[in-house]
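Read the structure below first, then the notes.
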Amino acid sequence: MAKTPTHSNGKREDNLFFVVGDEKKLTELMTCQEVAPLLQGIIQAGACYAVIVDDNSIRLWDHGRPETNRATCQVSKGLFLEGEEVAAIMVQGVQDNTPLIQGLASLAQTTLQGLAQNNLKLMLTTELHTSVVNLSQEELLAVNAKLTASEARYRELAASLKKTVEQRSAALKKAHSRLLQQEKMMAVGQLAAGVAHEINNPLGFIASNLRTLAKYIDRYRQLISALQQATATLPAEGQEPLQALSKKLKIAFIDEDLQELLGQSEEGCHRIKKIVADLKGFSHIDDGETTATDINIELERTLNVLTAQIPEGCRVSKDFAPLPSLLCQPALLCQVFVNIITNALQARKQGLHLKLSTQKSHNTITIEISDNGPGIPPHLVNRVFEPFFTTREVGEGTGMGMAVAYDIITAMAGTIKIDSSEDRGTTVTIRLPLKV
Amino acid sequence: MIEFDEQKKRLVLKLVYYGPALSGKTTNLLCLHDLLTKEGRGDLMMLDTKDDRTIYFDLLPFFLKTPSGLKIKVKVYTVPGQVRHDATRKAVLQRADGVAFIADSQATEARNNSTSFDNLETNLSLVGLNIERIPLVVQYNKRDLDDIIDEANIRRVWDPTGIPVYLTSALKGWGVLESFADLARQTYHSIDKRYDLAGRHGLSSSEFVSRLTTRS
């Protein structure tokens, strides 16, 4: 809305104040061009002099010349504006013409008042028009300003909304890929656990059967040994076919090899058993919960699971200090180790030296995993923890491994950092607080 | 607000007849024009009308001089009542010294009356005036008609406000002068303290009112 007056005297401090009906002077209401023809007419009609004076007797307009020689008559009539006498018209003529002069004065008075009244009306109408137009314009401007302001607010809102949506989408995308990764790990874990279980049963009877088989074979050997002793007492032509058969069947070699075969098989069973146990332990299918965990054991397990991926000729050195158990989710920790060790194992094809070490100092457990690979170029070191950052071929790496490791370690209130140089390879250092 | 020019010894007062469309504001001024003496009164100026409906305003000016020589002009305005002329109403209402609210007594007009009164309150505050303080009279006009709201109802609504209410017929001339006199008296008292009209200018309240309401 238009501004409001701020003072009781009506003065406006801030803006225009559109006043309708301000007091007008007669000279504002009539112009010389309007009055002059009338006064001229009065003179032409027979008067000598016509003059309009205001209420202070100041001459406003006149025509003709005052008669000084002859006897004159003067007729004066008041001019009223809004009930107030603001001026007078005086008409002068020779005395003989008195009735004419009186008539002319009355005529002039009526005409001039009519003129003033009509002009006032016109001015008031114009003033009001202007005032209303100005008021409306002010109102429109105010409305416009409000609309502009609200539009700006909406624009701002929309802009920040876009930004917020982008941020949220990025966060969601990140969370989503992490979930995928974790799910993948879980699926692998479940699969491993399932496989381990399925393998355990046949493995059980294979191992048991192997032991029984060894016993049975032992009995056969006892029998064969007894038979051989008995045969030795036979005459030579009686022994010959048996010896020939024994030679043909390579019984002596079999007797020797059997021990080895059984030993190897038992050894194989033992290894399968160990791998299955590690797989089971690694998958932590039974304990996704927080438990007291020995980090050294988890590292061993991880390494065992990854055996197949360890390249030929790789040297693995372990330097584990005895560690107090840490309350954590071992499954997550294993995932971290897998991700880091996998990276290290891919560092070089020949002559790889993988070093794992653990230390305890004060209230911190430090785990170092290092390789003697080519290192990470300095300009990429900072990007290693970025999700989807990978230098491998499309399809070979997700670029999520280190990002997930970073998230897990950070969630455990720990730190993870990477030191890498081209001559010394890469070392990943994880520090975990013992009391969280 | 009052216009006062100390040097020219002039005082200009503005009284505004407000109210819903067709409630009889112009008729009020016509009635005053007919009833009052020509002495000290200007002609009723009716700015353009359309089908007899006010679209600008009407103006009835009065002029009087105090014994001290102070010239007082009292300008009585009407506003256009139609809703669409709100900007004009605001323009006319500016610097008003007193307001007469002309309500339509017809039972069917109750809603229009209250809408218009709300509009008066709003517009007064928009032009910086306070309805609580400005001299104000209310007229229930058209009492000569049949289907009108009864007086008891009017009193019940308005008496608690303390605003004087007049039952009038501008067409018949009932109550028009009385309500105008009341408004003039209230206006006098609202400015007397500031200008000391009685003391310095020798103009009493009753003298002021009677000068404005002298019948022809």
Side-chain angles (χ1 to χ4, degrees), chain A residues 1-26 29 54-56 78-86 110 113-140 142-143, chain B residues 1-5 8 10-12 14 16 36-48 55-65 71-77 79-80 85-97 122-130 133 190 194 212:
Chain A
M1 172 42 224
K3 313 334 188 251
T4 50
T6 47
H7 284 298
S8 56
N9 63 11
K11 287 269 165 54
R12 307 251 322 220
E13 286 183 337
D14 51 347
N15 217 319
L16 290 169
F17 194 66
F18 310 111
V19 178
V20 173
D22 255 349
E23 289 290 280
K24 304 280 184 306
K25 281 190 242 156
L26 196 64
L29 289 173
D54 73 5
D55 52 351
N56 291 321
L79 293 177
F80 289 82
L81 190 60
E82 299 187 323
E84 177 186 3
E85 188 176 347
V86 291
T110 313
Q113 281 199 170
L115 182 66
Q117 178 91 352
N118 282 335
N119 283 352
L120 179 60
K121 219 161 148 177
L122 205 66
M123 285 175 88
L124 285 175
T125 311
T126 312
E127 272 178 10
L128 186 72
H129 253 302
T130 315
S131 167
V132 167
V133 166
N134 285 344
L135 270 175
S136 310
Q137 200 220 357
E138 272 198 1
E139 279 174 12
L140 285 176
V143 168
Chain B
M1 283 297 140
I2 192 163
E3 224 178 287
F4 182 71
D5 190 331
K8 288 187 186 160
R10 285 181 77 86
L11 187 67
V12 181
K14 182 176 189 175
V16 177
L36 300 178
T37 175
K38 225 172 144 18
E39 184 97 5
R41 167 179 71 69
D43 282 329
L44 173 62
M45 207 181 304
M46 289 164 69
L47 268 59
D48 282 348
I55 53 176
Y56 296 108
F57 56 79
D58 307 314
L59 169 59
L60 181 64
F62 293 85
F63 179 76
L64 59 102
K65 238 175 174 176
K71 294 169 184 168
I72 300 178
K73 193 171 266 185
V74 179
K75 297 183 174 185
V76 185
Y77 290 82
V79 295
H85 293 309
D86 199 45
T88 307
R89 274 195 295 279
K90 261 177 264 178
V92 174
L93 204 55
Q94 270 169 356
R95 293 164 53 163
D97 298 293
T122 309
N123 282 345
L124 276 174
S125 84
L126 286 177
V127 299
L129 295 170
N130 188 343
R133 282 204 291 271
S190 78
R194 228 165 94 209
L212 289 178

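All heavy atoms count here, side chains included; hydrogens, waters and symmetry mates do not. A note on names: the letters A, B, ... follow the listed sequences, proteins ahead of strands, and every chain is numbered from 1. Everything numeric in this text was worked out from a predicted model, so none of it was measured.
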Open item on the list: With chain B as the partner, which of A:L81, A:L122, A:T125, A:L120 has the greatest number of non-hydrogen pairs under 4.5 Å?
Closed with: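 Ranked by contacts with chain B, first place is A:T125.
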Tell me, do [X] and [Y] make a side-chain contact under 4.5 Å, heavy atoms counted?
X	Y	value
A:L124	B:F57	yes
B:L59	A:E82	yes
B:V92	A:L128	yes

Open item on the list: Please report the interatomic distance CG(B:D86) to CD(A:E139), rounded to the nearest 0.5 Å.
Closed with: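 These two atoms lie 7.5 Å from each other.
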Residue pair [X] / [Y]: nearest heavy atoms and the distance that separates them:
X	Y	value
B:L44	A:Q117	O-NE2, 4.4 Å
A:L135	B:A87	CD1-O, 3.7 Å
A:H129	B:Y56	NE2-OH, 2.7 Å

Task: Proximity breakdown for B:L60 and chain A, heavy-atom pairs closer than 4.5 Å - done: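 Nothing of B:L60, per the 4.5 Å heavy-atom cut-off to chain A.
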TODO: Check whether B:K65 gets within reach of chain A through its side chain, its backbone, both or neither, counting any heavy atom under 4.5 Å.
DONE: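 Answer is neither: B:K65 stays 4.5 Å or more from chain A.
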TODO: Name the member of B:K75, B:E39, B:K71 that forms the most heavy-atom pairs with chain A at distances under 4.5 Å.
DONE: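 Among B:K75, B:E39, B:K71, the one with the most close pairs to chain A is B:K75.
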